[in-house]
Structure formats: C-alpha cells, structure tokens
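Structure first, then comments.
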There are 2 protein chains.
Amino acid sequence: MPLSPKVPTPTLERLATYYTILSDLKSRQADTISSADIEERTGINAAQFRKDLSYFGEFGRPGVGYAIDELHARIGRILKLEKTQPVILVGAGNLGSALVGYPALRADNFRIVAAFDNNYNKIGKQLWDLTIRDITRLVEDNATLGARLAIIAVPVGAAQDVAERLVEAGIKNILNFAPVVLRLPRDVIVRNVDFVQELAVLSFHLPDPTTNP
Amino acid sequence: MPLSPKVPTPTLERLATYYTILSDLKSRQADTISSADIEERTGINAAQFRKDLSYFGEFGRPGVGYAIDELHARIGRILKLEKTQPVILVGAGNLGSALVGYPALRADNFRIVAAFDNNYNKIGKQLWDLTIRDITRLVEDNATLGARLAIIAVPVGAAQDVAERLVEAGIKNILNFAPVVLRLPRDVIVRNVDFVQELAVLSFHLPDPTTNP
DNA sequence: TAGATTGTTAATCGATTAACAATC
DNA sequence: TAGATTGTTAATCGATTAACAATC
C-alpha cells in the first residue's frame, strides 16, 4: 500500500464535502457523476476535484465519470468513516448537549459514547442517553472506552486542562470549541471551531456604516 | 481613507484570533506586546502577524512593540466589533438554543435579537429571552430589526430555502451550520461551520487500525 | 469510430516567511 | 548610543487551475 505522501488539509476538507454530497446522491440519482457535475454542485473546480482524488489513486473512467456508490465508499474508507468511531465529549453544557443530539454525527458514523464534566451538580445526571461522568475519571474510563477522538466543549478557562487530560488518556485527535489556542505536543492534532471568529470575519465584510448624509 | 485593497481571508481569521487573545491580555498583562510574544502565544509566525496588520496601516513602534489596548481597539474597529451587531437566528433546535445561550457571542458584541422557526409547535414559545417567530415573517420582521448578519441552524433540507429568505430580507452575511453547499447570489458571503467535516478530517489522521498480529 | 472525460503535468496564483533597512 | 523590534520587500513555499495526452 503506497502510503499517500502528504495530503494537503484543504484536500481533506473537500473530501468530506464530496462525501456529504455523494451520500445525498447515492440512492436518488443516476449512478455516475463527472467532475464537471461536482463543480456544478459544490462550486469546487473540476480539476481541483480530480487532483484531490489523485492523491489516493484512480477513481473514474475517462469518457464516463465516477460510479457514485464506489466513489462514496472509497472516500469513506479514506476518511475512515466505514466503521463507527467512538467519540468522547467533554463539557455537558448547552453546546455539548446539542452535539450529543446532533443527528448528522451519527449519520456519518461518529458516536458520542461518553460525556464528562467537572461540575458535581451535573455528574451522574443524564444527557440524552448518556450518564455524565466525572472528568477526573477520564483517563481510567477511556482505558475501557477506547475512544481516539474527542470534543472539547468547555469554557475557555478549562480547555487547556481538559486537553492535557485527553492527551494523557491517549486521545490525540481533538475537536476544540473553546476559543483558545491549545498548547499541546506536536503529534496531537487539534481542529478549532470558533463561532465568534466566523462571525467576526462576516462582520468585517459588512458594508461600512456610512456617516449620515 | 485608503480602502484596503484586498485582504486575504486567512488574515481576517487570524485577526479574530489576535483580538481574542488581546481581550484576554488587556487588563491583566503588561501594556505592550511584541510580534514575537504573539508568536509565542498563538503559534502564528511573527512576520505573519506584522504582515497581517500591514494591510491596515501601522500599529507598533520599532524597538518597543504594540500597545495592547490600542491594538485591541484598532482590530476591533477593523472587524467592526466596536458596536453591538444584531444577529438573526433561524432554527430553534438544540444547536440554535446553545448559540443563543453562548456567552462568548455577547462578549464579542454579537447579539442574537430574534429566533425564527417553521415549526408551529415552537413558534410563540420562549427560547431563553426570545419569543420564537414564524419564519414566514422573516422579511417583514427584519425590516424592523435591521439585522445584517444571520445564523442558519436548521436541518439540511430547509437550509437553501432559509438562505434565500434571508437574502430577500437584505441579509448578505450568513453563518451556515447546515452541512450543505448553499447556492446564492455572488455578493452573499457565507461561512460554513460543519462539525462532521471537522471530525472527518480528524478521523483521517487516526492511526490505521493495524490488522491483527 | 467520435465524443466525452479522466489523470497528471506544467503554469499560475496567492499566501507564508526570512531578511533587513528604518526607527524608536 | 546600543539594542530591540517594527514595516516591508523579496524569496520561498504550497495550493489552485488550465491544458492535454491517454483512455473509455
């Protein structure tokens, strides 16, 4: 298996986008799709799409296009979405609760298998179908759970500490919702989701509040 | 006012990051900071930081650094965060609810001023301090509200329709949480937040499940 | 076969970073 | 003044896209 040398992150992000629209097309549509069709639907340049796939081998047939089912399956395999991935959630607040209840996660084979918090008023309570666990038990609990992905949905002040516990528990792939830069060993991969940052970028593009006429 | 010619999006994203850490430093720290300090705290290259600022003028003093308060204020002005921005939320589900209750939004001067939904069981009910409104009233309601930013937190199937209503209501800056590519006029700016995409990128980086020894 | 579309190379574009003269 | 650090230029790096021979 020729290990793909170095896949650009933007390629991985687009791969996830292709996967989503292929999931959508899978049953309801014709069974073949061209890179031009993909461009039509996603706005992503057709050459870009073909280049993205080329990091992982050959997927289509010249003159014909791509078999939707096969392409979907192969991208799923690349992104390791074929089997259910257990995910740990830390932070049983409003955001954490929304994430546990978020149906798209389950649809894409992610399953939140445990929720942790440091608040003694929450520990032991239910969050959907999960019993909220004590954050101090994270390391020992994950020895059993065996999750390799985690979501941080705690306030800024707690995020760094939580992240370090996660690493201690063997989790090196972290989705962080706290608006803070986590300082962690270099082999830990962190993806940040920052609502305020997103809104700030939009805010910049707002028309200038023209001074009164 | 020499209109900044073309600011790269990554620069805007980093500007929001600088803003966040400056908010943090503002009171508790010394009153001056160097680009090297910024690199230390954010992992963003010091030259990158200086270059980012250079799109907007001069901010520091050679040999000294940047006055924290002033820098914070000026970045706030660039991102138009100095006055409270009204934001409309569409989708009063779990995620929408978490967003309304999210303290960091308010801290950065965004205020969700109205929540809309299409579900008659929800319309009229309370969501925190907001009364959930009828999505079909969006255009007329925003004539009064005057929001220019909106958040879409509805299921995939409803997102395109909601987006078009928002544009009709004069809102051209949209934060979209539905995992779908919105097709809108080119002058509309959309930022997508896609949890599943983020997890998929992390999932890719998971160690290969080595076949049994 | 002729028409369509792939996979890939090469050209273009844009973003990051090193280097340094200017300046406090 | 000497030391520190900026703002900016130029070099580097990497990602996007156009073009096209290969192939169905």
Side-chain angles (χ1 to χ4, degrees), chain A residues 2 4-18 22 25 29-72 74-75 78 181 186 197 201 204, chain B residues 2 4-18 22 25 29-72 74-75 78 181 186 197 201 204:
Chain A
S4 10
K6 182 76 153 310
V7 183
T9 301
T11 290
L12 295 173
E13 294 170 347
R14 286 188 297 266
L15 240 32
T17 301
Y18 307 145
L22 290 168
L25 258 44
Q29 207 66 19
D31 44 29
T32 239
I33 195 168
S34 71
S35 59
D37 294 337
I38 294 279
E39 173 162 359
E40 174 110 3
R41 281 171 186 281
T42 62
I44 298 168
N45 179 288
Q48 179 76 269
F49 170 76
R50 299 198 300 276
K51 176 95 185 164
D52 285 340
L53 294 182
S54 75
Y55 291 101
F56 303 99
E58 310 200 344
F59 292 71
R61 298 207 316 179
V64 179
Y66 303 82
I68 290 179
D69 281 13
E70 190 208 331
L71 185 58
H72 181 265
R74 288 186 65 185
I75 295 178
I78 291 165
V181 180
R186 244 172 325 102
Q197 175 175 292
V201 173
F204 170 83
Chain B
S4 11
K6 184 77 153 311
V7 184
T9 300
T11 290
L12 295 174
E13 293 170 347
R14 287 188 295 266
L15 241 31
T17 301
Y18 307 144
L22 290 169
L25 259 43
Q29 208 68 16
D31 45 28
T32 240
I33 194 169
S34 72
S35 59
D37 295 336
I38 295 279
E39 173 163 359
E40 173 110 2
R41 282 171 186 279
T42 63
I44 298 169
N45 179 289
Q48 180 76 269
F49 170 77
R50 297 198 301 274
K51 175 94 184 165
D52 285 341
L53 293 182
S54 75
Y55 290 102
F56 303 97
E58 311 200 342
F59 292 70
R61 298 208 315 179
V64 180
Y66 302 83
I68 290 180
D69 282 12
E70 190 207 330
L71 185 57
H72 181 264
R74 288 187 65 184
I75 295 179
I78 290 165
V181 180
R186 242 170 328 102
Q197 174 174 293
V201 173
F204 170 84

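Every value quoted in this text rests on a predicted model; they were computed, and no experiment measured them. Hydrogens, waters and symmetry mates are skipped; everything else that's a heavy atom, side chains included, is used. In what follows, every chain begins at residue 1, and chains take the letters A, B, ... in the order their sequences are listed.
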Side chain of [X] (C-beta onward), nearest among [options]:
{"X": "B/Pro62", "options": "D/dC24, D/dT5, C/dT16", "result": "D/dT5"}
{"X": "B/Ser54", "options": "C/dT16, D/dA18, D/dT8", "result": "D/dT8"}
{"X": "B/Arg14", "options": "C/dT16, D/dT16, C/dT6", "result": "C/dT16"}

Would you mind reading off the distance between [X] atom [atom1] and [N] atom [atom2], rounded to a whole angstrom?
{"X": "B/Leu53", "N": "D/dT5", "atom1": "CG", "atom2": "P", "answer": "16 Å"}
{"X": "B/Phe59", "N": "C/dT23", "atom1": "CZ", "atom2": "P", "answer": "19 Å"}
{"X": "B/Asp37", "N": "D/dT5", "atom1": "CG", "atom2": "P", "answer": "8 Å"}
{"X": "B/Leu71", "N": "D/dG7", "atom1": "CG", "atom2": "C1'", "answer": "14 Å"}
{"X": "B/Lys51", "N": "D/dT9", "atom1": "NZ", "atom2": "C1'", "answer": "8 Å"}
{"X": "A/Asp52", "N": "D/dA15", "atom1": "CG", "atom2": "P", "answer": "11 Å"}
{"X": "B/Glu13", "N": "C/dT16", "atom1": "CD", "atom2": "C1'", "answer": "15 Å"}
{"X": "A/Tyr66", "N": "C/dT5", "atom1": "OH", "atom2": "P", "answer": "11 Å"}

| B/Leu25: which of B/Asp31, B/Leu71, B/Ile33 passes side chain to side chain contact (heavy atoms under 4.5 Å, CB included) |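 Among B/Asp31, B/Leu71, B/Ile33, the one that satisfies the side chain to side chain contact (heavy atoms under 4.5 Å, CB included) with B/Leu25 is B/Ile33.
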| task | Test A/Val7 against every option in A/Leu15, A/Leu12, A/Asp52, A/Ile78 by the side chain to side chain contact (heavy atoms under 4.5 Å, CB included) rule and name the one that passes. | result |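 Of A/Leu15, A/Leu12, A/Asp52, A/Ile78, side chain to side chain contact (heavy atoms under 4.5 Å, CB included) with A/Val7 is met by A/Leu12 alone.
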Heavy atoms under 4.0 Å, any strand shown: does [X] hit a base, just sugar-phosphate, or nothing?
{"X": "B/Thr11", "value": "nothing"}
{"X": "B/Arg50", "value": "base"}
{"X": "A/Gln48", "value": "base"}

| message | Need to verify one output field. Residue with the more 5' nearest nucleotide on DNA chain D, B/Ala47 or A/Ala47? | response |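 Whichever sits nearer the 5' end wins; that is B/Ala47.
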| query | Among B/Phe59, B/Tyr18, B/Phe49, which residue meets the ring pair (Phe, Tyr, Trp, His ring centres under 6.0 Å) test with B/Tyr66? | reply |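 Result for ring pair (Phe, Tyr, Trp, His ring centres under 6.0 Å) with B/Tyr66: B/Phe49.
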| Where each residue is assigned the nucleotide of DNA chain C containing its nearest heavy atom, which of B/Thr9 and A/Ala36 is assigned the position nearer the 5′ end? |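 By nearest-heavy-atom nucleotide position, the 5'-most residue is A/Ala36.
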| query | Of the non-hydrogen atoms in A/Phe56 and B/Phe204, which two are nearest, and what is the gap between them? | reply |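 Distance-wise, the nearest heavy atoms are CE2-CE1, 3.9 Å.
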| request: Using both distances under 3.5 Å as the test, list the Watson-Crick or G-U wobble partner of C/dG14, or none. | output: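 Per the H-bond distance test, D/dC13.
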| request: Could you check which nucleotide pairs with C/dA22 in any of the strands shown, counting Watson-Crick or G-U wobble with both distances under 3.5 Å? | output: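 The base-pairing partner of C/dA22, which may sit in any strand shown, is D/dT5.
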| said: D/dT6, OP1 or OP2 - any side-chain N/O from B/Ser35 closer than 4.0 Å? | reply: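 So the side chain of B/Ser35 is within the cut-off, an N or O lying under 4.0 Å from OP1 or OP2 of D/dT6.
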| field | B/Glu39 CD to B/Asp37 CG distance, which is reported to the nearest 0.5 Å | value |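 Output value for this atom pair is 10.0 Å.
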